[in-house]
Amino acid sequence: MDRVERALHRLTARGLRPTRARRAVVSALDGAAGPVTAAELAEVLADQVPISSLYRTLTLLEQEGVVTRFPDPGALVRFELAEWLAGHHHHLVCVGCGATRDVEISQDLEHQIARVARATARAESFDLAGHRLDLEGWCTTCR
């Protein structure tokens, strides 16, 4: 079962219909290189999902744990598939234009980051639920 089908299966299991709009939004997020804004989704889905349905669909998908909000440096909200669907990854974020893309790192480096995260949480008496690394800088266009 691919990520889109897993997401729609989750909705169905919760008594929600896997509508055409929901399928289109999940598919678009699945095909994106990283978190995207609602406006970027609206461009991609212009002939499939009306803008009013897009916002309702994003809200519902977020409530059901299929989509995660990702704030960017410019205070825009971006959306991506939840980690249980997309897998654990980190982001490269352009501080100039806000473009964000997913990046995976080696297992060795991921283990080191996880160790640092656990140690930091332990030192602060914090119950760690996970971690996310966002590398901020300038994309080739903004450089």
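Only a predicted model underlies this, so the values are computations on that prediction, with no experimental measurement involved. All residue numbers in this chain count up from 1 along the given sequence.
Nearest heavy-atom pair across C142 and C94 is SG-SG, 3.7 Å. Counting all heavy atoms, side chain and backbone alike, A32 lies closest to V36 at CB-CG1, 3.9 Å. Among all heavy-atom pairs drawn from L54 and A38, the shortest one is CD2-O, 3.4 Å. In terms of heavy-atom proximity, A82 sits nearest to G65 at CB-O, 3.2 Å. Residues A28 and L45 approach most closely at CB-CD2, 4.0 Å, considering heavy atoms.
The structure places CG of L60 at 10.0 Å from CZ of R14, a figure rounded to the nearest 0.5 Å. Rounding to the nearest 0.5 Å places CG of L133 at 6.0 Å from CD1 of I105. Atoms CG and CZ, on D102 and F70 in that order, are 9.0 Å from each other to the nearest 0.5 Å. For the atom pair CZ of R22 and CG of L16, the computed distance is 5.5 Å after rounding to the nearest 0.5 Å. Here OG1 of T57 is found 13.0 Å from CD of E62. Values are rounded to the nearest 0.5 Å.
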Show every donor-acceptor pair shorter than 3.5 Å between a side-chain atom in residues 112-121 and any protein atom, with sequence neighbours excluded, or say none if there are none.
from, atom 1, to, atom 2, distance (Å)
T120, OG1, V116, O, 2.8

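Taking the side chain as every heavy atom from C-beta outward, H90 and E104 never approach each other to under 4.5 Å. With contacts defined as side-chain heavy-atom distances shorter than 4.5 Å, the pair L11/P18 does not qualify.
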Chi angles and distances behind the side chain to side chain contact (heavy atoms under 4.5 Å, CB included) call for L92, E136
CA-CA 6 Å; L92 296 175; E136 296 178 344; over 6 Å; no

Apply side chain to side chain contact (heavy atoms under 4.5 Å, CB included) to residues V103 and H91 and explain how you reach the verdict.
CA-CA 5 Å; V103 63; H91 301 104; 5.7 Å; no

Yes or no on side chain to side chain contact (heavy atoms under 4.5 Å, CB included) for R6 and R3, after CA distance, side-chain angles and deciding distance?
CA-CA 5 Å; R6 287 175 45 214; R3 293 191 286 209; 4.2 Å; yes

Show your reasoning for whether side chain to side chain contact (heavy atoms under 4.5 Å, CB included) applies to R78 and E40.
CA-CA 9 Å; R78 294 177 177 273; E40 291 167 333; 3.2 Å; yes

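Put simply, V93 and L81 are part of two different groups of oily side chains (I, L, V, M, F, W, Y) that touch within less than 4.5 Å, one to the next. When hydrophobic clusters are built by joining Ile, Leu, Val, Met, Phe, Trp and Tyr residues whose side-chain heavy atoms come closer than 4.5 Å, directly or via intermediates, F79 is grouped together with V49. V26 and V77 fall within the same hydrophobic cluster, defined by Ile, Leu, Val, Met, Phe, Trp and Tyr side-chain heavy atoms under 4.5 Å apart, directly or through other members.
Summarising the local packing, CH2 of W138 is surrounded by 12 or fewer heavy atoms from other residues, nucleotides or ligands at distances under 6.0 Å. When the shell of 6.0 Å around CD of E83 is examined, it contains more than 12 heavy atoms from other residues, nucleotides or ligands. Atom CZ of R10 has more than 12 neighbouring heavy atoms from other residues, nucleotides or ligands inside a 6.0 Å radius.
Remark: the R56 side chain and the S53 side chain contain an N/O donor-acceptor pair separated by less than 3.5 Å. In the model, E110 has no side-chain atom that pairs as donor or acceptor with a side-chain atom of H89 under 3.5 Å.
Side-chain N or O atoms of T68 include none that pairs as donor or acceptor with a backbone N or O of V66 at under 3.5 Å.
Using cut-offs of 30° and 60° on the angle between ring planes, the pair H88 and H131 is perpendicular.
Ion pairing between a basic and an acidic side chain is recognised when a charged N comes within 4.0 Å of a carboxylate O; E5 and R23 show such pairing.
Results of the side-chain contact (heavy atoms from CB on, under 4.5 Å) test with S27 over V44, D2, L8, V4 single out V4 as the only residue that passes.
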